[in-house]
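The next block holds one structure in the form of C-alpha cells; read it before the comments.
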2 protein chains.
Amino acid sequence: MKYTNQTRFLVAVDCIVFGFDGTEYKLLLIQRGFAPEKEKWSLMGGFLLPEESMGDAAARILKQLTGLQDIYLEEMQAFSKPDRDPMERVIAMAYVALIDIKKYQQQINDDFHARWFPMKELPKLIFDHQEMVDTALNKLRYKAAFHPILFELLPEKFTLPQLQTMYEGLYNTKFDKRNFTRKVLSTKLLKKEKEKEKLSSKKGAFYYSLDQEQYKQTILTIQNFIPLTDITDTKD
Amino acid sequence: MKYTNQTRFLVAVDCIVFGFDGTEYKLLLIQRGFAPEKEKWSLMGGFLLPEESMGDAAARILKQLTGLQDIYLEEMQAFSKPDRDPMERVIAMAYVALIDIKKYQQQINDDFHARWFPMKELPKLIFDHQEMVDTALNKLRYKAAFHPILFELLPEKFTLPQLQTMYEGLYNTKFDKRNFTRKVLSTKLLKKEKEKEKLSSKKGAFYYSLDQEQYKQTILTIQNFIPLTDITDTKD
DNA sequence: TATTATTAGTGTAAAAAATACAATTAATTT
DNA sequence: AAATTAATTGTATTTTTTACACTAATAATA
C-alpha cells in the first residue's frame, strides 16, 4: 500500500561549514560537479537516499565531498521555494557545521578541491546558497550570544585571547579583555592547562580546555525569565 | 531537463498548535481522515503540493483542517526516519503555532472536529507525533526563557496575572509576583491600558497590551556574552 | 646584556540587575 | 459593615555588569 495521487519531490541536503582559523571566519565551498551550474561554487550538497534520515544524509554528503567526519552538524532550516533550483523542484534542508580549521585540515580530502573562503570574500554561490549562508550566520550570532556554542569551534586546547578573537570576529566588535575573561571563566566551563601557546606572542598565553562534564550540564541551562532557584523545580 | 536516477519522496507538513486558555496549556488535535491510522488522533498534517513552499503548505493545511489563519507559525524540525510512516516513507516538517485559545475559538471550524487536549491528558498519537510534540515543548521552554515569545500567545489585551500564569504553566513552577512584574515591565514591551479585567477577581486587574514597536526592536536583542554597549556596533 | 617591543594578565569601584520578603488596596459578596 | 478575594506595590541585600589602565613575561634587537 502506498499513498496515491500525491506528488513526490527530490530532497537534498546542503552543509554550511563554518571554520575559524584563530583569526577569522571562513566558509568551506566546493565546485559543483554536475549540471546545472557545474563548476560553480556551492555548499556541500547532495540528494537524500531512500534508506537514510536527513541527518545521516548530511553526514554522508559532507564526508563524501570533503572527507570531514565526526563533526558537530545541526539542522538549520528548510529551503523550499518551488523555483529555487532551475532544473527541477528540490526541497533542501540546510545543516550547519562549526569546525576548527587547523584541527581538521588534514581530514579534508583534496579530490574535490574544497576551499576555505574568508567570509568577506565569498564568491558568487549557486541557487539560494548565499541566502542559506546569511541565515546560518544570523542564527549562529543569535545562538552564540546565549550559548557557549563557539567553544566547539576551537581545538581541544585554546587560549583566552583566541576565544575572544572568535567572539569578536563573529560580532565585528571588540570586547574588554578583563571583562571578557571574567565572564568566560564565570561559566566554570574552562580548565586552565599548564602549558602555554607561544606562537602568537612573546609572553605566551596559557591554554584552556573545555570541561566536558560542566559543558553538558550548562548547555541545558536556561535563564532570564526563570529565576535560577526555580529551574531545579522544573524537572517533573 | 530533470535530475535523473534520483529517488523522489513524499513530503508532509505537521502543525503543532499549542494554545493557552488563561489557565493551562492545551494541544489541538484532529482525528485523521485517511488510512493508515484513520480516526486516530493526529496533528494537523498534509502533503506538500507542487507549487507551494513548506511554509505555505503549513498555513494551508492548518486553515483547511481547522479554519485557523493568520497565526504565528514557525518551522520547527524535520522528522525523517525512513520508517516513521508504516505505509510509505514520508519526510515530515513540523511547524509550531502558539495561540490564544479564546481569541481563536470562533475561527475553529467544527467540520473536522479539532479538539483541545490539556497537555497532561493527551491521547495516543499516530506515528511519531508524540515525539514531535515533546520536542516542540522543549524548544518552546528553551526559547521562551530568552525571548518574549509567550506574549504572542495572549490576546491583544491581557493582565499581568495572566502572563505570569502562562509562564508558570510552561515551567511548572511559581514565580514571585513582585519580581515577575518588575522583570516583565523592565522590558518596556508592555503598555498599561485604562480598563480592568473583572472576570477572574473582585478587584480586577489592569489590562496591558504589547508595544509592537518596542517588540520588533527587542526581539532582535542579544545578550550574555555581548555587552549591550557593543551590540549597536554590530550592524555593519 | 641592556633596551625595546609586543601581547598576556590582572583589580577595583560604581552602577545595574536580581533576589527575598509581606503589607495594603480595591472591589465584591455576605 | 464585615469578610473575602486577588491585585498591587517597596526596600534592603546580594549578585552581576560595566568602565577603566597598569604590570608581567618573553623575544628580538641594539
Side-chain angles (χ1 to χ4, degrees), chain A residues 22-23 145-146 148 154 157-169 171 173-208 218 221-233, chain B residues 22-23 145-146 148 154 157-168 171 173-208 218 221-234:
Chain A
T23 307
F146 302 108
L154 286 168
K157 291 176 183 177
F158 51 88
T159 67
L160 293 179
Q162 282 170 358
L163 186 62
Q164 181 167 352
T165 304
M166 191 164 60
Y167 272 93
E168 289 176 343
Y171 297 104
T173 185
K174 294 280 179 192
F175 302 144
D176 179 272
K177 265 188 298 187
R178 286 163 293 192
N179 293 339
F180 183 83
T181 304
R182 185 184 301 115
K183 209 169 217 176
V184 166
L185 294 181
S186 78
T187 65
K188 304 273 178 70
L189 290 174
L190 301 187
K191 282 190 303 196
K192 191 174 188 172
E193 302 288 326
K194 282 170 188 159
E195 317 95 82
K196 277 185 166 184
E197 188 274 340
K198 304 290 286 285
L199 292 172
S200 49
S201 84
K202 290 167 182 170
K203 181 173 176 181
F206 279 103
Y207 280 117
Y208 285 78
T218 305
T221 301
I222 43 182
Q223 292 169 350
N224 213 8
F225 270 95
I226 303 119
L228 280 171
T229 43
D230 291 313
I231 289 184
T232 46
D233 303 342
Chain B
T23 307
F146 302 109
L154 285 169
K157 293 177 182 177
F158 51 89
T159 67
L160 294 180
Q162 280 170 0
L163 185 62
Q164 181 166 355
T165 304
M166 192 164 59
Y167 272 93
E168 290 176 342
Y171 298 104
T173 186
K174 293 282 178 188
F175 301 144
D176 179 273
K177 269 188 294 191
R178 286 163 294 190
N179 295 338
F180 183 84
T181 303
R182 185 183 303 115
K183 208 170 220 176
V184 166
L185 293 180
S186 77
T187 65
K188 305 272 177 71
L189 290 173
L190 300 189
K191 283 190 303 199
K192 191 173 188 171
E193 302 288 327
K194 283 170 188 159
E195 317 96 83
K196 278 185 166 185
E197 187 274 341
K198 304 290 286 286
L199 292 171
S200 49
S201 83
K202 289 167 183 169
K203 182 174 176 180
F206 280 104
Y207 279 117
Y208 285 78
T218 306
T221 301
I222 44 182
Q223 292 169 350
N224 213 7
F225 271 95
I226 304 118
L228 280 170
T229 43
D230 291 313
I231 289 183
T232 46
D233 302 343
T234 305

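Bear in mind that the values here come from a model prediction, so they are computed numbers and not experimental data. Just the heavy atoms: all of them, side chains too, but no hydrogens, waters or symmetry mates, feed the values below. Just so we're on the same page: letters track the sequence lines, and every chain starts at 1.
- For the pair A/Glu195 CD and D/dT26 C1', the interatomic distance rounds to 18 Å; values are reported in whole Å.
- As rounded to whole Å, 18 Å separates atom P of C/dT7 from atom CZ of A/Phe206.
- Whole-Å rounding puts the A/Arg182 CZ to D/dA19 P distance at 12 Å.
- For the atom pair B/Tyr208 OH and B/Phe158 CZ, the distance stands at 10.0 Å (nearest 0.5 Å).
- A side-chain hydrogen bond (donor to acceptor under 3.5 Å, both in side chains) with B/Ser200 is found for exactly one of B/Lys202, B/Glu197, B/Lys198, namely B/Glu197.
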Take A/Thr159 and A/Tyr207, measure what side-chain contact (heavy atoms from CB on, under 4.5 Å) needs, and give me the verdict at the end. CA-CA 5 Å; A/Thr159 67; A/Tyr207 280 117; 4.2 Å; yes
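- In this structure, B/Lys196 and B/Ser186 both approach DNA chain C, and ranking their closest nucleotides by distance from the 5' end singles out B/Ser186.
- Nearest to the side chain of B/Asn179, among C/dT10, C/dG11, C/dT19, sits C/dT19.
- Within the structure, every side-chain polar atom (N or O) of B/Lys202 is placed at least 4.0 Å from both OP1 and OP2 of C/dT25.
- When the P atom of C/dT6 is taken as reference, atom NZ of A/Lys177 falls 14 Å away, rounded to whole Å.
- C/dG9 atom C1' lies 15 Å from atom CG of A/Leu163, rounded to whole Å.
- Under the 30°/60° scheme for interplanar angles, the aromatic rings of A/Tyr171 and A/Phe175 are found to be tilted.
- In the displayed structure, A/Lys188 atom NZ is contacted under 6.0 Å by at most 12 heavy atoms of other residues, nucleotides or ligands.
- Atom-to-atom, CG of A/Asp176 to C1' of C/dT10 comes out at 11 Å; the value is rounded to the nearest Å.
- Among the atoms of the strands shown, only primed sugar atoms or phosphate atoms (P, OP1, OP2) are found under 4.0 Å from some heavy atom of B/Lys198.
- In this structure, the NZ atom of B/Lys183 is 9 Å from the C1' atom of C/dT19, given to the nearest Å.
- Contacts of A/Ser200 with the nucleic acid, taken as non-hydrogen atoms under 4.0 Å apart, involve only primed sugar atoms and P, OP1 or OP2.
- Distances shorter than 4.0 Å separate none of the side-chain N or O atoms of A/Lys203 from OP1 or OP2 on C/dA5.
- The nearest whole Å value for the distance from the CZ atom in B/Arg178 to the C1' atom in C/dA17 is 17 Å.
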